[in-house]
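Scroll down for the structure; my scribbles are underneath it.
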Amino acid sequence: MTAKTALITGGTSGIGKATAELLHSRGYRVMVTGLGDIDGAGLPGDVIAVEADAGSLTDIDQAVDQAREHLGSLDLLYLNAGISRPGPIESIDEAAFDALFNINVKGNFFTLQKALPLLNEGASVVFTVGAGEGLGAAMTAAKGALLPLVRSMAIELAPRRIRVNAVSPGLVNTPAYSKMGISQDTIASWGEGVPLGRVGAPADIAEAVAFLASDGASLITGDNLIVSGGIGVHTRPM
Ligand code: NAD
């Protein structure tokens, strides 16, 4: 049987890296993109890592060319690259607003568009969404805009049996927080506010992505798999 293939954007750290490692351990051929942290990412030697800014159409084109060259076609496209600019309305300037929408929305849209010819029949596309409460209007909008994209793309690509879904992490302990200067003790203390009593690990999200990519999820499309330990369940629609 030929190995399955996966392209993971933002796969050099945190959630994307854990997903690359999990899929690699399950026999996938994996390519990741990242920005500024490819060297020293510590991924298995045969995982291909490419520097590509998800906010640059030129970089996206080059990354998709590399995926074609190294992987041929794709069974999973995991659109995980994203940036955070949490904060109240007054704190968001034009540059922060543009960066949020360029990378989280425009970058993901065009990566999918460019990678479409590579997607096999039956392939899975997964977006990382997840905007918790209290992150502010701009951040919530930039992540929230992905859900209508997921649903529309799911219907548009269904004739090719390509499934499009989202994973929405709650709080996950990744280097994103240490880069903001938040200590491990503080991150662990956030678990007290989570119904299941702990902050997530990157591997928790990786397992959800691996499931959505698997044949076991072959009837799931246009959906959003929330992996949060129960954060916000009371306010979700029935
Ligand atoms: P991280 O900082 O550990 O990793 C971010 C990854 O994205 C790295 O591989 C980095 O190289 C890459 N990246 C950053 N900017 C990029 C750009 N412009 N172009 C290409 N790649 C870029 O962060 P993480 O916590 O693993 O976050 C991954 C995704 O999960 C993001 O979309 C984030 O918004 C989302 N998310 C995280 C949490 C959490 O609690 N950690 C919660 C909800 C959603």
Side-chain angles (χ1 to χ4, degrees), residues 7-22 30-43 47-64 66 78-86 95-96 98-111 126-136 138-147 150 166-182 184 186-188 190-191 193-194 198-206 208-209 224-229 231-232:
L7 171 60
I8 302 172
T9 68
T12 47
S13 173
I15 291 166
K17 180 182 169 187
T19 308
E21 289 170 336
L22 180 68
V30 180
M31 180 179 136
V32 300
T33 68
L35 192 65
D37 56 5
I38 283 190
D39 294 336
L43 285 158
V47 170
I48 299 143
V50 171
E51 179 90 8
D53 183 348
S56 153
L57 294 196
T58 309
D59 282 15
I60 291 169
D61 268 336
Q62 286 169 358
V64 171
Q66 299 250 25
Y78 181 23
L79 298 162
N80 169 69
I83 57 160
S84 297
R85 297 286 184 273
D98 284 347
L100 275 171
F101 279 81
N102 258 338
I103 294 161
N104 295 324
V105 185
K106 183 177 147 187
N108 281 320
F109 179 91
F110 283 104
T111 307
V126 180
F127 287 71
T128 303
V129 182
E133 288 153 29
L135 291 170
M139 172 87 200
T140 303
K143 284 296 194 180
L146 296 175
L147 291 177
V150 163
V167 282
S168 283
L171 289 165
V172 182
N173 188 356
T174 70
Y177 293 114
S178 42
K179 284 176 219 159
M180 293 181 213
I182 299 169
Q184 283 300 310
T186 301
I187 296 168
W190 294 340
V194 178
R198 70 170 175 90
V199 167
D204 292 313
I205 312 304
V209 177
N224 179 24
L225 180 49
I226 300 170
V227 187
S228 71
I231 296 172

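As the structure lists them, so they are numbered: ligands from 1, and atoms in each ligand from 1.
- Atoms of ligand 1 found under 4.0 Å from any heavy atom of Val129 (numbered from 1 in listed order, with element): 44 (C).
- Remark: among candidates Ala99, Gly55, Gly170, Ser84, the nearest residue to atom 38 (C) of ligand 1 is Gly170, based on non-hydrogen atoms.
- Heavy atoms of Lys17 come nearer than 4.0 angstrom to ligand 1 in no pair at all.
- Residues Tyr177 and Val199 fail the side-chain proximity criterion, which asks for heavy atoms closer than 4.5 Å.
- Shown in contact with Gly10 at under 4.0 Å from a heavy atom are these atoms of ligand 1, numbered in order with element: 6 (C), 7 (O), 9 (O), 12 (C).
- For ligand 1, the polar-atom distance check against Val172 finds a nitrogen or oxygen pair separated by under 3.5 Å.
- Met31 is listed as a side-chain neighbour of Val50, based on a closest heavy-atom distance under 4.5 Å.
- Using a 4.5 Å heavy-atom cutoff, the side chains of Leu135 and Ser84 are not in contact.
- Compare Gly200, Gly82, Ala49 by their heavy atoms: the one nearest to atom 14 (C) of ligand 1 is in Gly82.
- Contacts between Lys179 and ligand 1 below 4.0 angstrom, taking non-hydrogen atoms only, involve the side chain exclusively.
- Looking at Ser13 and Thr174, their side chains never come closer than 4.5 Å, going by heavy atoms from C-beta outward.
- Listed by number with element, the atoms of ligand 1 under 4.0 angstrom from any heavy atom of Thr128 are 29 (C), 30 (O), 35 (C).
- Counting heavy atoms under 4.0 Å from ligand 1, residue Pro202 does not touch it at all.
- A heavy-atom distance below 4.5 Å is found between the side chains of Leu35 and Glu51.
- In terms of heavy atoms, Asn80 sits closest to Gly10 at ND2-O, 2.9 Å.
- At a 3.5 angstrom cut-off on N or O pairs, Gly34 does not count as close to ligand 1.
- The ligand atoms of ligand 1 that sit less than 4.0 angstrom from a heavy atom of Gly130 are 43 (C), 44 (C).
- Minimum interatomic distance between Arg85 and Met139 (heavy atoms only, all atoms of both residues): N-SD, 3.4 Å.
- In terms of polar-atom proximity, Ala54 is counted as a contact of ligand 1, with an N or O under 3.5 Å from an N or O of the ligand.
- Checked against side-chain hydrogen bond (donor to acceptor under 3.5 Å, both in side chains), Glu21 has no partners two or more places apart in sequence or in another chain.
- Near Gly11, with a cut-off below 4.0 Å to any heavy atom, the atoms of ligand 1 are 9 (O).
- Residue-ligand proximity, Ala52 to ligand 1, at heavy-atom distances under 4.0 Å covers atoms 19 (N), 20 (C).
- Using a 4.0 Å cut-off to heavy atoms of Gly14, the atoms of ligand 1 that qualify are 3 (O), 26 (O).
- Of all the listed residues (Leu171, Ile83, Val32, Thr174), Thr174 holds the heavy atom that lies closest to atom 24 (P) of ligand 1.
- With sequence neighbours left out, Thr186 forms a side-chain hydrogen bond (donor to acceptor under 3.5 Å, both in side chains) with Ser183.
- Geometrically, ligand 1 and Thr33 share no nitrogen or oxygen pair separated by less than 3.5 Å.
- Residue Thr12 holds the heavy atom nearest to atom 8 (C) of ligand 1 of all those in Asn173, Thr12, Leu35, Asp53.
- Taking 4.5 Å as the limit, some side-chain heavy atom of Ile15 sits within range of a side-chain heavy atom of Tyr78.
- Counting heavy atoms from C-beta on, the side chains of Leu146 and Asn108 come closer than 4.5 Å.
- Atoms of ligand 1 found under 4.0 Å from any heavy atom of Ala81, numbered from 1 in the order shown, are 20 (C), 21 (N), 32 (O).
- The shortest side-chain heavy-atom distance between Gln184 and Asn173 falls under the 4.5 Å cut-off.
- Here the shortest heavy-atom distance to atom 29 (C) of ligand 1, taken over Asn80, Leu100, Asp37, belongs to Asn80.
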